[in-house]
There are 2 protein chains.
Amino acid sequence: MATQPLTRNQILVLDALTGAEGPLSAYTILDKLRDHGFRAPLQVYRALDKLRELGLVHRLESLNAFVACTQPHDHHTDHGVTAFAICEDCGQVDEMHDAGIEERLSVLAGVRHFKTEKTTIEIRGHCQNCSAAE
Amino acid sequence: MATQPLTRNQILVLDALTGAEGPLSAYTILDKLRDHGFRAPLQVYRALDKLRELGLVHRLESLNAFVACTQPHDHHTDHGVTAFAICEDCGQVDEMHDAGIEERLSVLAGVRHFKTEKTTIEIRGHCQNCSAAE
DNA sequence: TGCCACACGTTATAGCATTACGCAATTGAT
DNA sequence: ATCAATTGCGTAATGCTATAACGTGTGGCA
Ligand SMILES: [Zn+2]
Ligand SMILES: [Zn+2]
Ligand SMILES: [Zn+2]
Ligand SMILES: [Zn+2]
């Protein structure tokens, strides 16, 4: 029941993501970790799978890339719905949680008797900084 | 200003999507159209790009696949935000438009001064039929 | 005629993800 | 202690998704 400690590979991958400015693809992570002994994509994907299970990492579907979770909430518990604002210019990702969205989506699914397993919300656009810079 | 007619390739791809039960990957479309002279992925991707510009086709990011638009609205005009409910069992996709979601997302972006270009919403789960069948 | 825009065809390549196999360490009975 | 089951790890091979780069042909138009 106690949170199992992360393995060496999982820590390496998580650190790579945490230290990055923006989302990283699995192959970019692989390249960053070659010096630490990584040689094959599967080492990255296996670590990512576990980290996602634990809620420490999210996958951005529209980017085929991954980010570390930035929310301080308990990672044991369910995240609920997460929305991402992704800047096309600087790559910055903002993780957002909003009860209103969650509620509205729940209604949409409800009227259709659709059982939701996982919801993806990704907003592509330009962050405040990059908009200001024109 | 008049809507330009679709090219032969675009019609073939659109028909393939319209006739399909669920979303199709670009390579699946390619295979379906080999008999009609298609030989390379680019033929499919180019048609898909155009069809998406015209609002006739949507890309499902979480699936790397494409569906024909099922909404009867004018395709010249902007779609607004589209949400998809995707059944993991039967592959059926339900295209949804909801002002509530749109409004809430707009607020989320607004407070961050984030300029939205494109929004992806995809709900993965089980449709009514497949839930009933257990 | 010369120019431009656009769709098309082909080949090659890049980028993302998984399958399959085998080994080692751990755990938890029997 | 021994066996079986689980889990993580390493490696190689493969498969799926998408784009780059090049050239052709056609129609509109100055
Ligand atoms: Zn998170
Ligand atoms: Zn930015
Ligand atoms: Zn549509
Ligand atoms: Zn279904």
Side-chain angles (χ1 to χ4, degrees), chain A residues 1-17 20 22-54 56-67 86 88 91 118 120 122 124, chain B residues 1-17 20 22-54 56-67 86 88 91 118 120 122 124:
Chain A
M1 170 76 205
T3 296
Q4 59 194 356
L6 297 179
T7 68
R8 169 185 148 83
N9 283 7
Q10 287 157 16
I11 291 169
L12 284 168
V13 169
L14 182 56
D15 285 352
L17 284 173
L24 300 179
S25 78
Y27 277 73
T28 302
I29 295 172
L30 173 58
D31 286 338
K32 280 182 182 288
L33 296 181
R34 286 199 191 277
D35 295 343
H36 295 278
F38 274 48
R39 330 221 69 220
L42 216 53
Q43 297 176 277
V44 178
Y45 282 109
R46 289 205 268 232
L48 285 173
D49 285 347
K50 198 65 182 178
L51 291 168
R52 284 203 283 157
E53 272 180 45
L54 297 173
L56 296 171
V57 162
H58 300 290
R59 175 183 166 81
L60 301 177
E61 302 288 350
S62 67
L63 243 41
N64 292 334
F66 304 84
V67 288
I86 305 168
E88 315 243 83
K118 184 172 190 326
T120 298
E122 297 177 16
R124 307 283 293 270
Chain B
M1 173 77 205
T3 296
Q4 60 194 356
L6 297 179
T7 67
R8 171 185 147 83
N9 283 6
Q10 287 156 17
I11 291 170
L12 285 167
V13 169
L14 182 55
D15 285 351
L17 284 173
L24 300 179
S25 80
Y27 278 74
T28 303
I29 295 172
L30 174 56
D31 286 338
K32 279 181 182 288
L33 295 182
R34 285 199 192 277
D35 293 343
H36 296 276
F38 274 48
R39 328 220 70 215
L42 219 52
Q43 299 177 274
V44 177
Y45 282 110
R46 289 206 268 233
L48 286 172
D49 285 347
K50 198 64 180 178
L51 292 168
R52 285 203 283 157
E53 272 179 45
L54 298 174
L56 296 171
V57 162
H58 300 290
R59 174 185 166 81
L60 301 178
E61 302 288 350
S62 68
L63 242 42
N64 294 334
F66 304 85
V67 288
I86 305 168
E88 316 243 82
K118 184 170 191 328
T120 298
E122 297 176 16
R124 306 283 295 268

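The chains referred to below are lettered A, B, ... by the order of the sequence lines, with proteins before strands, and numbering in each begins at 1. Just so you know, these numbers come straight off a predicted model, no measurement behind them.
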The criterion is salt bridge (charged side-chain N to carboxylate O under 4.0 Å, His left out); which residues satisfy it with [X], sequence neighbours excluded?
X: A/Asp15; value: none
X: A/Lys50; value: A/Glu53
X: A/Arg46; value: none
X: A/Glu61; value: A/Arg59

Q) If you measure from CG on A/Asn64 to CG on B/Asn64, what distance do you get to the nearest 0.5 Å? A) 5.5 Å

Q) To the nearest 0.5 Å, how far apart are CD in A/Glu122 and CD1 in A/Ile86? A) 4.5 Å

Q. Nucleotide range of DNA chain C contacted by chain A, 5' to 3', under 4.0 Å to a heavy atom?
A. C/dC16 to C/dA20

Q: Could you encode protein contacts along nucleotides 15-27 of chain D as a string, one character per nucleotide from 5' to 3', using B for base contact, S for sugar-phosphate-only contact and - for no contact, with a heavy-atom cut-off of under 4.0 Å?
A: --BBBBB------

side-chain contact (heavy atoms from CB on, under 4.5 Å) with [X]: which residues, sequence neighbours excluded?
X: A/Leu6; answer: A/Gln10, A/Ile11, A/Leu14, A/Leu51, A/Leu54, A/Leu56
X: B/Ala65; answer: B/Pro23, B/Leu63
X: A/Arg39; answer: A/Gln43

(Q) Over the length of the helix from C/dT1-D/dA30 to C/dT30-D/dA1, how much do the five-pair end axes diverge, rounded to 10 degrees? (A) 20°

Q. Got a sec, which residues hit side chain to side chain donor-acceptor pair (under 3.5 Å) with A/Asp31, two or more places apart in sequence or on another chain?
A. A/Arg34

Q: Indicate whether OP1 or OP2 belonging to D/dG10 is found under 4.0 Å from a side-chain N or O atom of A/Gln43.
A: yes

